[in-house]
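Worksheet for the structure shown next.
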Protein chains: 2
Amino acid sequence: MKKGQNICDVESCFLCKNSLEEWKPAISAHKTTYKVKKGEVIFKEGDPVTGIYFVNSGCIKVYKKWDKDKELIVRFAREGSLFGHRGLGKGGFYPISAAALQPTVVCYVDIAFFEATLKVNSGFTYQLLMFLTEELKQSERKMRNLAHMPVKGRVAEALISLQNQFGITPDGFINIDLSRQDLASYAGATYETVFRMMNELVNEKLIDLSGKSIRLLNRDELLKLAQDIVFL
Amino acid sequence: MKKGQNICDVESCFLCKNSLEEWKPAISAHKTTYKVKKGEVIFKEGDPVTGIYFVNSGCIKVYKKWDKDKELIVRFAREGSLFGHRGLGKGGFYPISAAALQPTVVCYVDIAFFEATLKVNSGFTYQLLMFLTEELKQSERKMRNLAHMPVKGRVAEALISLQNQFGITPDGFINIDLSRQDLASYAGATYETVFRMMNELVNEKLIDLSGKSIRLLNRDELLKLAQDIVFL
DNA sequence: TACAAATTGTGACATTTATCATGTTATTAA
DNA sequence: TTAATAACATGATAAATGTCACAATTTGTA
C-alpha cells in the first residue's frame, strides 16, 4: 500500500527510534523476518510466550476469543507496530491471539533477548512504558464504552478509530479491508446488530458504503454519537 | 484494618522495593502525605495531571464516568498500590477518576519528579513496565467479558476478584465494605440487574449474604460461571 | 470454469438487561 | 431525636441486543 519500500523494520520502528541506535547490530542478529498469509494465526491465547513481534508490512488483529465463535478485537497493529508484548511479565502465556488481516511480513525477536534489552536500555524501556500507558488508556476507555455506550455509538467510534488509524483512500474510503464480522468484533457486538446500526448510519447520511468499503460523511455527528469530544 | 502500622509507604511499596533503595531520601523530600475522607474524590477525569499517588492505608476506587450517574470501576488500589499513573504520557489529563472508599491516607509525588525518576532509575521503570503489562492484561480480559459474558458471570468474576484482592474476615466474608452500587459499577451493569443476579447466586447456594457482607460458598461453581479456569 | 465455502444481507423472534416506579431501610446531619 | 438523604429492595415494563433461519452474493480453490 505504501510505496513498496519497507518504511518500518525493527530498526526503524517508531518505538525504537532514538533508543535503539546503538542496538541495531544486536537486534539484527536476533531477529527473524517471515511472511504470514491473510487469515493466518501467528499465536493464540494460551500459547507459551516465545517472542515479541513487529509488523514490517501489512496488518494484524490482536483479539481475545470467547465461546469458539465469538471474539473481541482489542487492537490492530500496522506497519511499524509492536505486538505480542502482552506476553511480557508473569505467566509466560500470551493472553491474546494475533492473526493477519492481509498478507503480512512480521519480524520476530525472542523474548529473552527482548527482556535483556529492556533491562539494559532504559530509554527504550521508558518509551515502551509510555506506549503501554497509552494502550491502557485506550483499553479502559473501550471498557467503559462496552459497559455503558449503546452499540450504535460503539460502531461510530470504531469507524472513527479505524479512519484515524488507517487513513483514507483518494476517494475518501477508510483505507482498510475489514470483514463485517471483524468490524463487529471490534465494536464488541454481533454481526447482525452491527449490520443494522450501519444501515441506520447510512440512512442518517453519516456514512456511505460501497461494497465493503466505508466512507465517513459526517465525522462530527459520528463523534457526537460516541458522546465524547476529547478522543483520539 | 491491618495492625495499625504503616506496612506500606512509597519507600516500602512492593513496586519500589529493590529499585528505589538509593532513591529513598529524594523520594521523602518530594512526597506529600495526606488524609482523604470516605467518598472524597482525589482527582477527576479531565483534571490536569499533577502527580502520582500511593495508597498508604485504606482503599480507593479508580473509575471512569458515563452520563453523570453511571460509572465503571476499573480497579481498586489498596495499601501499597500505585494510582494516578494513567496520567503519565501524552495529554496531561487524568483519563480516570479516583475516590476513597474508606478513610484513606495517600501519599503524593509530583509528576515531574516521578518522570525524572523513571528516566534515571531503569530498574524501577522496568518494574513499572511489568506492572502496567499486568494491568493491561486484566483490562483486556475485562473488556472481553463486558462484550460477551452475561452479567451473572461478570458478577461471579467480580466477587472472586474482590476476594482475591481483599481476602476474607475470620468468619469468611469478603474483607471489603463496598456499596451495592459500587459492586454494580465494578461488574459493569446496573444496580438492579446485579441485585437480581446476587439473588440467583444466593438461591443457588453459591454465595451467602449478611447485610452488605458477602461470603463465597462455592468458589469452583462461581469460577465455572466466569467460564475461565485460568484466572487470577 | 465450476463448485464449495465463506461472507453478507435481512426478517422474525427470544432473551437479556435497563428503566421506571415505589416502598423500605439505613445513615447522616441538624 | 428527628428530619432529610442516601442506599437498598423489588416488581412491572420497555428497550436493546442477541439468536435463529435462510437467501444472496462473493471468494477461494480444485
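Numbers restart at 1 for each chain; the letters A, B, ... are given by sequence-line order, proteins then strands. Here the structure is a predicted model, which means the values were calculated and not measured.
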If you take all heavy atoms of B:Leu217 and B:Lys205, which pair is closest and at what distance? CB-O, 3.6 Å
Expressed as a whole number of angstroms, how long is the span from B:Leu146:CG to C:dT16:P? 18 Å
Could you tell me which non-hydrogen atom of B:Met198 sits nearest to which non-hydrogen atom of B:Ile207, and how far apart they are? O-CD1, 3.9 Å
Let me test you: for the helix from C:dT1-D:dA30 to C:dA30-D:dT1, what is the angle between the axes at its two ends (five pairs each), rounded to 10 degrees? 50°
Phosphate OP1/OP2 of D:dA9: any B:Tyr191 side-chain N/O under 4.0 Å: yes
When the distance from CG of B:Asp182 to P of D:dA7 is rounded to whole Å, what number comes out? 9 Å
Contact check, side chains of B:Tyr186 and B:Asp182, non-hydrogen atoms, under 4.5 Å: no
For B:Lys152 and C:dT16, give me the distance from atom NZ to atom P, rounded to whole Å. 10 Å
Do A:Arg86 side-chain atoms and A:Tyr94 backbone N/O form a donor-acceptor pair below 3.5 Å? no
Under a 3.5 Å distance rule, please check whether A:Lys64 uses its side chain to pair with a backbone N or O of B:Met143 as donor and acceptor. no
Starting at CZ of A:Phe195 and ending at C1' of D:dG18, how long is that distance when rounded to a whole Å? 15 Å
Verify, without hydrogens or angle tests, whether A:Arg154 (side chain) and A:Met149 (backbone) share a donor-acceptor contact under 3.5 angstrom. yes
Roughly, in whole Å, what's the span from CD in A:Glu40 to C1' in D:dG28? 16 Å
Relative to each other, are the rings of B:Phe166 and B:Phe76 parallel, tilted or perpendicular (30° and 60° limits)? perpendicular
Work out which heavy atom in B:Pro95 is nearest to a heavy atom in B:Glu45; give both atom names and the distance. O-CG, 3.3 Å
Nearest-Å distance, NE2 (B:His148) to P (D:dT17)? 14 Å
Could you go through the side-chain contact (heavy atoms from CB on, under 4.5 Å) check for B:Thr133 and A:His85 one step at a time? CA-CA 8 Å; B:Thr133 300; A:His85 53 292; over 6 Å; no
Interatomic distance where CG belongs to A:Leu209 and C1' belongs to C:dT10 [whole Å]: 15 Å
For B:Asp177 and D:dA7, give me the distance from atom CG to atom C1', rounded to whole Å. 12 Å
With the sugar-phosphate defined as primed atoms, P, OP1 and OP2, and the base as all remaining atoms, what B/S/- string results for nucleotides 18-30 of chain C, 5' to 3', for protein heavy atoms under 4.0 Å? BBB----------
